[in-house]
Amino acid sequence: MRLHSTLSLGLALPFAAASFPGHDAPGLRERDGYKFDLNTGANLQRQLASKSAPEVEFTTEGGTPQSHPYVYQKIGDDGPLLLQDTYLTELFGHFDRERIPERVVHAKGAGAHGYFEVTNAEFAKKYTMMDVLSENGLRTPITVRFSTVGGESGSADEARDPRGFAMKFRTRKGIWDLVMNNTPVFFLRDATKFPHFIHTQKRNPQTHLKDKDITWDYWASNPESLYQVMRLFSDLGTPDGFIHMHGWSGHTYRWIKKDGTWVYVRIYAESMQGVKNLTNADATRIQGENPDYATQQLYETIESGNYPGWTVYAQVLSPEQAQSFKYNVLDLTKEWGFDDVPKTEIGKFYLTQNPANYFAEIEQAAFSPARMVDGWGPSNDPVLQARLFSYSDTHRYRLGANYMQIPVNCPFSPSANFERDGAMAVNGNQGSRPNYLSTLSPIKLVKRPYVDETHQQWTGGAVSALSRVTEVDFDWPRRFWASLSAGDKANFISNVVGHLGAVKTLEIRTRMVALFAHVDAELGAAIGKGVKAPVTKVAFPTDKPTWDNTTTWVTTSTLEY
């Protein structure tokens, strides 16, 4: 009762700042103003990460010493475990959360670090103000990740599949991500088709098995995919590892100058090691013997000091040239042939450094074509526009809102904005600066070198768009087929027959054979015979697609037959 009265009396009294017990204790005043650096622990852990096991002592996550990794608490020799054992619960709590969501596409991959060096700044500066291309000899640190597209994290490197070819440039003006493939085109040019297409490359929702019927059903009903399908089922579809293949940006971007003028550009990387491919038989054998073949090849090549390299080229078209080009320059299913648009070297890059920790440096590497820098911008390519959102959104899902604070993704240039808080804000959360556009303590704003009014304009209103399939969509399939040697053609037919022949549905086999026959009569006859399907004729509009007549309205698919 007296205690209650005393507390009540105490709470009623006004608080006196200098009346707390011990305010005159010896030494207290000398310690007033004591401060420490909150980054001390993070800096120490980064230093420890480079030390070997014999140089460090075993501790818990909190840094307290632990006698042995295998020791745990229980009652007696045969009693239950004790929940009071914080080491045991910490160990399993972290173990249960070791896996992060894998990428929906490009889940299986390998990567390394190196540098990009400018070799032709004179050419680049004619078209762009990109700092990374501004002077010959300028070296920019890069990280490159190679990957298959459709397979899961544990799938084989040598599966028949396109390969991703993503590059992260740590420029003096921020991060620039160049997302590429080992093929100049893709299976689609309509953004909304992408999730549907990827689903057909994954697993049947009922059987949870790869399903050739749904794979070929998509290809047979979306003929604009044919050129990529043909590249895929040639020996280009099974490259000999990651270092023996070229890379293409595929998408059309824009190079921009300080006065706001711009050109269309595509980027191409040519392997200095030369292109090497595997036959279907060799690729199948390697998948069984060593599913990590390409990952091992990349690591061991760099470790031996034989640093792989690529020469980087640019292809440029002015807006005026694009207007009269043979097809829409934003079409992801069409290649810019070097005979149509010459390539010009702009630099070279080499991979010289293997990751010290795969998860930290490669699995957590987050690439996005939305990562724009001055002088480089997106075009109106519909698939690219969708990817501008999808890539960054995927990283926020996999790695968290602050994924750019992860060392492998963190820019080598200052980063200041109003994106604060969220899980794992570990880089100081931008300190005590205002978290809004303040007039009391204003942030510096960089003046734009051009204004949007002169940068790009559109005419017309919003439309529901779906691309038409016309005769021009068979131009590149025919050019590709004509370019193959007799041996390559035989391998292609064998590869297609082996895969398409396993499709159970005759209608799908027949539709696909018709498309191959539309490319080349002998090709169609050979595949039709191999897959036991009749050869039928199809026809497509012959008018050349222009900027104004590329869309159509359909009820089932893009097929017009």
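One is the number of the first residue; the rest follow in order along the sequence. Predicted, not measured: the structure shown is a model, and the values here were computed from it.
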Check your understanding: Below 6.0 angstrom between ring centroids: does that apply to His246 and Tyr268?
Key -> yes
Exercise for review: Taking atom CZ of Phe95 as the centre, report whether more than 12 heavy atoms of other residues, nucleotides or ligands fall under 6.0 Å from it.
Suggested key: no
Point to revise | Centroid-centroid under 6.0 Å between Tyr436 and Phe418 rings | key: no
Review point. Taking side chain as C-beta onward, heavy atoms only, is Asp190 less than 4.5 Å from Glu224?
Key: yes
Practice item. Heavy atoms only: give me the nearest Gln84-Gln73 pair and the separation to one decimal. Key: NE2-OE1, 3.0 Å
Check your understanding: Atom CZ in Phe146, atom CD1 in Ile362: separation rounded to 0.5 Å?
Key -> 10.0 Å
Check your understanding: Do we see a donor-acceptor contact under 3.5 Å between the side chains of Asn306 and Ser304?
Key -> yes
Check your understanding: Does the side chain of Trp376 come within less than 4.5 Å of Ile267's, by heavy atoms?
Key -> yes
Check your understanding: Do Tyr87 side-chain atoms and Pro69 backbone N/O form a donor-acceptor pair below 3.5 Å?
Key -> yes
Exercise for review: Using the test salt bridge (Lys or Arg N to Asp or Glu O under 4.0 Å), find all partners of Glu361 that sit at least two apart in sequence or belong to another chain.
Suggested key: none
Practice item. Check whether the side chains of Thr140 and Arg172 place a donor and an acceptor atom closer than 3.5 Å, and report yes or no. Key: no
**Study point:** Residue pair Val275 / Pro239, side-chain heavy-atom distance below 4.5 Å
**Key:** no
Exercise for review: For residues Ala107 and Gly151, report the shortest heavy-atom separation together with the two atoms involved.
Suggested key: CB-O, 3.5 Å
Review point. Taking atom CG of Leu209 as the centre, does the number of heavy atoms from other residues, nucleotides or ligands within less than 6.0 Å exceed 12?
Key: yes
Check your understanding: Is it true that atom CD of Glu98 has more than 12 heavy atoms of other residues, nucleotides or ligands lying nearer than 6.0 Å?
Key -> yes
Review point. Do Ser271 and Gln273 get their side chains close enough for a donor-acceptor pair, meaning under 3.5 Å?
Key: yes
**Study point:** N/O donor-acceptor pair under 3.5 Å between Asp240 side chain and Leu278 backbone
**Key:** no
Study note, to complete from the structure: Partner of Asp177 under salt bridge (Lys or Arg N to Asp or Glu O under 4.0 Å), picked from Arg387, Lys168, Arg170, is Lys168
Review point. Do Glu270 and Lys348 come close enough that some side-chain heavy atom pair is under 4.5 Å?
Key: no
Review point. Without hydrogens or angle criteria, can the side chains of Ser225 and Gln228 be said to hold a donor-acceptor pair below 3.5 Å?
Key: no
Review point. Would you say the side-chain atoms of Arg139 pair up with the backbone N or O of Glu117, donor to acceptor, closer than 3.5 Å?
Key: no
Exercise for review: Check the angle between the aromatic planes of Phe169 and Phe116 and answer parallel, tilted or perpendicular using the 30° and 60° thresholds.
Suggested key: perpendicular
**Study point:** Test log, rule side-chain contact (heavy atoms from CB on, under 4.5 Å), inputs Val132 and Val373
**Key:** CA-CA 9 Å; Val132 70; Val373 293; 5.7 Å; no
Check your understanding: In this structure, are over 12 heavy atoms from other groups packed under 6.0 Å from Met272 atom CE?
Key -> yes
Check your understanding: Does a side-chain heavy-atom distance below 4.5 Å link Ser413 with Lys173?
Key -> no
Check your understanding: Counting N and O atoms only, with roles assigned by atom type, does the side chain of Gln66 sit under 3.5 Å from a partner on the main chain of Thr60, one being a donor and the other an acceptor?
Key -> no
Review point. Does one side chain, of Lys108 or Ser153, offer a donor that lies under 3.5 Å from an acceptor on the other?
Key: no
Review point. Are the aromatic ring centres of Tyr253 and Trp176 under 6.0 angstrom apart?
Key: no
Review point. For the ring pair Tyr358 and Tyr299, is the centre-to-centre distance below 6.0 Å?
Key: no
Practice item. Would you please name every residue forming a ring-ring contact (aromatic ring centres under 6.0 Å, His included) with His94, sequence neighbours left out? Key: none
Review point. Is Lys210 atom NZ crowded by more than 12 heavy atoms from other residues, nucleotides or ligands, each under 6.0 Å away?
Key: yes
Practice item. Check whether any side-chain heavy atom of Lys193 lies under 4.5 Å from a side-chain heavy atom of Asn222, and answer yes or no. Key: yes
**Study point:** Residue pair Gln201, Thr215: steps toward the side-chain contact (heavy atoms from CB on, under 4.5 Å) verdict
**Key:** CA-CA 6 Å; Gln201 306 303 298; Thr215 297; 3.7 Å; yes
Check your understanding: Looking at Asp85 and Lys74, does any basic side-chain N land under 4.0 Å from a carboxylate oxygen?
Key -> no
Review point. Which residues pass the ring-ring contact (aromatic ring centres under 6.0 Å, His included) test with His395, sequence neighbours left out?
Key: Tyr403
Practice item. Tell me, with the steps shown, if Phe492 and Leu236 meet side-chain contact (heavy atoms from CB on, under 4.5 Å). Key: CA-CA 10 Å; Phe492 175 85; Leu236 290 169; over 6 Å; no
Review point. Any side-chain heavy-atom pair from Phe186 and Val383 closer than 4.5 angstrom?
Key: no
Exercise for review: Have a look at Asn491 and tell me which of Asp235, Asn277, Asn280 forms a side chain to side chain donor-acceptor pair (under 3.5 Å) with it.
Suggested key: Asp235
Practice item. List the steps, then state whether side-chain contact (heavy atoms from CB on, under 4.5 Å) holds for Ile508 with Asp213. Key: CA-CA 7 Å; Ile508 295 174; Asp213 279 64; 4.2 Å; yes
Practice item. Look at the side chain of Lys202 and the backbone N and O of Gly150, then say whether any donor-acceptor pair between them is shorter than 3.5 Å. Key: yes
Exercise for review: Kindly check if the number of other-residue, nucleotide or ligand heavy atoms within 6.0 Å of CD (Glu419) is above 12?
Suggested key: no
Check your understanding: Quick one: does Arg511's side chain have a donor or acceptor within less than 3.5 Å of a partner on Arg509's backbone?
Key -> no
Exercise for review: Give a yes or no on whether the backbone of Asp157 and the side-chain of Asp292 come within a donor-acceptor separation of less than 3.5 Å.
Suggested key: no
Review point. So with a 6.0 Å cut-off around OH of Tyr72, is the heavy-atom count from everything else above 12?
Key: no
Check your understanding: Is there a donor-acceptor pair under 3.5 Å between the side chain of Arg231 and the backbone N or O of Tyr227?
Key -> no
Exercise for review: Taking Arg160 for its side chain and Asn495 for its backbone only, find out whether a donor-acceptor pair lies under 3.5 Å.
Suggested key: no
Review point. Under 6.0 Å between ring centres, would you say that holds for Tyr115 and Phe349?
Key: no
Review point. Do other residues, nucleotides or ligands put more than 12 heavy atoms under 6.0 Å from the CD atom of Gln206?
Key: no
Review point. Do Thr295 and Phe242 come within less than 4.5 Å of each other through their side chains, counting heavy atoms only?
Key: yes
Review point. Quick check, are the ring centers of Tyr218 and Phe197 under 6.0 angstrom apart?
Key: yes
Point to revise | Asp381 side-chain N/O to Leu332 backbone N/O, donor-acceptor pair under 3.5 Å | key: no
